[in-house]
Amino acid sequence: MGVTDEQQQRNRRLTAWRRSGKVLARMSADHTLAERLAALAADAGTVHDLGEWTDVYGDGVVAEAERRTADLLGMEAAAFFPTGTMAQQVALRCWAGRTGDRAVALHPLSHPEVHERGALTSVSGLRTVHPTTAPRLPTADEIRDFPEPFGTLMLELPLRDAGFVLPSWEELEAVVTAARERDAVVHLDGARLWECTSHLGRGLPEIAALADSVYVSFYKSLDGLSGAVLAGPESLIEEARTWRHRYGGQLFQQYPAALSALLGLERELPRLPSYVAQAKVVAGALAGGFEGSEVPWCRVHPEPPHTHQFRVWLPYPAEVLDEASVRQAEETGVTLFRRWFAAPAGPPGLSFTEVTVAAPGLEWTAGDVRGAVADFVERLA
């Protein structure tokens with residue numbers, strides 16, 4: 001079977017990103033299999049004794065990743081899952097059984113609604129309701145005044161498909177209080193919870209303490225290979241382990257994912273506040289660079305960013321912006337933007353990209369960003 005046009009374009013992008021000497025972030029997809037395996041083998045011994053016997057069904061390094069995460073979040077217990085989709089389905093199913101209410105209140109832009117093909121309903125038999133459709137998390141009044149009952153409120157922190165947006169700490173506390181007044185439990189979709197501390201002005205244990213359970217991911221911000229953890233009360237986690245087995249998540253061996261999770265907690269987690277701070281510099285320079293260019297319109301959202309990730313919107317078709325981005329990377333060795341996507345609603349010809357600022361992005365000055373914007377705009381002509 002030959003290589004498709006889509007595969008050719010993907011290979012072209014990956015090659016350009018890999019060869020770029022200046023990037024805002026290095027993603028795991030930018031590396032070869034050999035590079036990822038070699039790095040794991042070289043570094044894993046710094047976070048765990050590799051002389052231990054191979055982990056089987058989670059009795060070794062996987063259990064250590066569970067304990068470490070529970071401690072970081074201030075939770076009683078935690079269970080390692082192969083995917084966050086499974087972890088959240090199990091959590092919400094368990095809470096539905098305990099509350100006697102299979103309705104889950106969440107945002108229509110939340111991960112289960114947008115990226116899981118209706119799994120909460122088709123697999124777990126749950127029903128979802130939406131207290132708001134605004135591109136932000138619900139307010140306390142929207143929760144308090146919602147006209148039908150629900151057993152669980154799920155809050156995605158940050159709300160990725162609205163632009164990685166977060167409420168203030170006071171707003172978050174008020175929303176949780178409103179849910180409690182309705183006798184609902186609160187679950188946090190914390191796939192990217194690690195980087196929320198700067199905006200909320202609170203540490204991980206204090207944020208997690210607002211909720212009855214929390215899910216966190218190891219690959220989205222911590223550069224892990226895969227894997228997630230569900231944390232909460234001991235009794236909930238014991239029940240979740242049973243459902244994990246029923247869902248097919250009791251893997252024979254997953255020590256590479258667990259080792260990479262420990263490495264992420266050790267190395268990337270302490271750096272995230274610096275990435276968040278630098279994202280504000282990058283976002284401001286992007287907005288300034290486009291404002292002084294021939295581009296008719298640009299929107300950086302949110303401005304300033306709430307985490308180390310944000311969106312940029314431009315009035316061009318996604319394929320035009322993709323071509324300009326990859327040509328810039330190929331011809332200058334600078335990757336300013338990665339993939340562009342057509343707006344899910346609104347007039348045609350409007351596109352957005354997600355910008356992530358990580359360790360390589362700390363080297364960029366505001367002048368570097370503005371210069372890269374000017375070069376990018378030239379390629380749109």
Side-chain angles (χ1 to χ4, degrees), residues 6-44 82-85 111 114-115 158 160-161 163-164 191-195 216-228 256-257 259-276 278-279 282-283 286 305 307-312 318 321-330 332-341 351-364 368-369 372 376:
E6 183 177 347
Q7 289 173 322
Q8 287 179 335
Q9 287 301 314
R10 181 176 184 272
N11 291 339
R12 180 190 175 195
R13 290 193 300 268
L14 288 173
T15 299
W17 297 337
R18 174 183 169 81
R19 291 178 178 173
S20 291
K22 198 171 185 64
V23 299
L24 289 169
R26 292 283 182 195
M27 307 299 185
S28 58
D30 299 351
H31 302 281
T32 65
L33 293 173
E35 288 171 338
R36 289 290 279 177
L37 289 172
L40 181 62
D43 298 339
T83 71
T85 296
H111 194 278
V114 178
H115 300 289
R160 181 261 182 97
D161 281 289
F164 306 96
R192 297 172 173 84
L193 187 71
W194 311 113
E195 58 264 38
V216 290
S217 173
F218 293 116
Y219 77 87
K220 290 183 171 67
S221 301
L222 301 185
D223 198 34
L225 295 178
S226 62
L259 286 169
S260 69
L262 290 175
L263 279 168
L265 293 174
E266 181 74 20
R267 296 185 176 185
E268 285 299 297
L269 182 57
R271 299 173 181 172
L272 285 173
S274 67
Y275 301 168
V276 175
Q278 180 67 356
V282 172
L286 282 171
T307 72
H308 70 310
Q309 296 178 289
F310 57 92
R311 283 184 169 184
V312 176
L321 295 166
D322 268 341
E323 178 63 20
S325 298
V326 74
R327 280 183 52 217
Q328 181 177 30
E330 289 172 333
T332 70
V334 174
T335 295
L336 180 61
F337 302 118
R338 293 171 70 93
R339 294 298 312 279
W340 290 85
F341 305 92
S351 305
F352 72 91
T353 187
E354 295 179 340
V355 176
T356 299
V357 178
L362 298 178
E363 301 175 0
W364 290 58
D368 292 335
V369 176
F376 173 76

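Computed from a predicted structure; not experimentally measured. One-based numbering along the sequence shown.
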Quick one: [atom1] on [X] to [atom2] on [Y], what's the gap to the nearest 0.5 Å?
X: S274; Y: L362; atom1: OG; atom2: CG; result: 4.5 Å
X: F218; Y: L269; atom1: CZ; atom2: CG; result: 10.0 Å
X: F376; Y: L286; atom1: CZ; atom2: CG; result: 10.0 Å
X: L336; Y: L24; atom1: CG; atom2: CG; result: 6.0 Å
X: Q8; Y: R13; atom1: CD; atom2: CZ; result: 12.0 Å

(message) With a sphere of 6.0 Å drawn around CD of E35, does it hold more than 12 non-hydrogen atoms of other residues, nucleotides or ligands?
(response)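 Result for CD/E35: enclosed.
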(message) Taking atom CZ as the centre, does R10 end up with more than 12 heavy-atom neighbours from other residues, nucleotides or ligands that are less than 6.0 angstrom away?
(response)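 At most 12 heavy atoms, drawn from other residues, nucleotides or ligands, come within 6.0 Å of this atom.
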Can you name the closest pair of heavy atoms from [X] and [Y] and give their distance?
X: W364; Y: V23; result: NE1-O, 2.9 Å
X: P270; Y: L265; result: CD-O, 3.7 Å
X: A257; Y: S226; result: CB-OG, 3.6 Å
X: H308; Y: A279; result: CA-CB, 3.7 Å
X: T356; Y: A25; result: O-CB, 3.5 Å
X: E195; Y: S221; result: OE2-OG, 2.8 Å

(request) Assess whether side chain to side chain contact (heavy atoms under 4.5 Å, CB included) is satisfied between Y219 and S28, documenting all intermediate values. (result) CA-CA 9 Å; Y219 77 87; S28 58; over 6 Å; no
Backbone of [Y] reached by a side-chain donor or acceptor of [X] within 3.5 Å:
X: W17; Y: V326; answer: no
X: D223; Y: G264; answer: no
X: Q328; Y: A372; answer: yes

Heavy atoms, side chains only, cut-off 4.5 Å: are [X] and [Y] in contact?
X: T32; Y: R18; value: yes
X: R36; Y: S260; value: no
X: L263; Y: L40; value: yes
X: D161; Y: R311; value: yes

(request) Go through the steps for K220 and Q309 under the test side chain to side chain contact (heavy atoms under 4.5 Å, CB included), then give the verdict. (result) CA-CA 11 Å; K220 290 183 171 67; Q309 296 178 289; over 6 Å; no
With a 4.0 Å cut-off on N to O distance, would you call [X] and [Y] a salt bridge?
X: R327; Y: E330; answer: no
X: R160; Y: E354; answer: yes
X: D30; Y: R338; answer: yes
X: R267; Y: D43; answer: yes

(request) Would you sort out whether R192 and F164 count as a side chain to side chain contact (heavy atoms under 4.5 Å, CB included), showing the intermediate values? (result) CA-CA 9 Å; R192 297 172 173 84; F164 306 96; 3.7 Å; yes
(request) Evaluate side chain to side chain contact (heavy atoms under 4.5 Å, CB included) for W194 paired with L222, printing each intermediate quantity in order. (result) CA-CA 8 Å; W194 311 113; L222 301 185; 3.5 Å; yes
(request) Evaluate the ring planes of H111 and H115, with Trp represented by its six-membered ring, and classify them as parallel (under 30°), tilted (30 to 60°) or perpendicular (over 60°). (result)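 The rings of H111 and H115 sit tilted, inter-plane angle from 30° to 60°.
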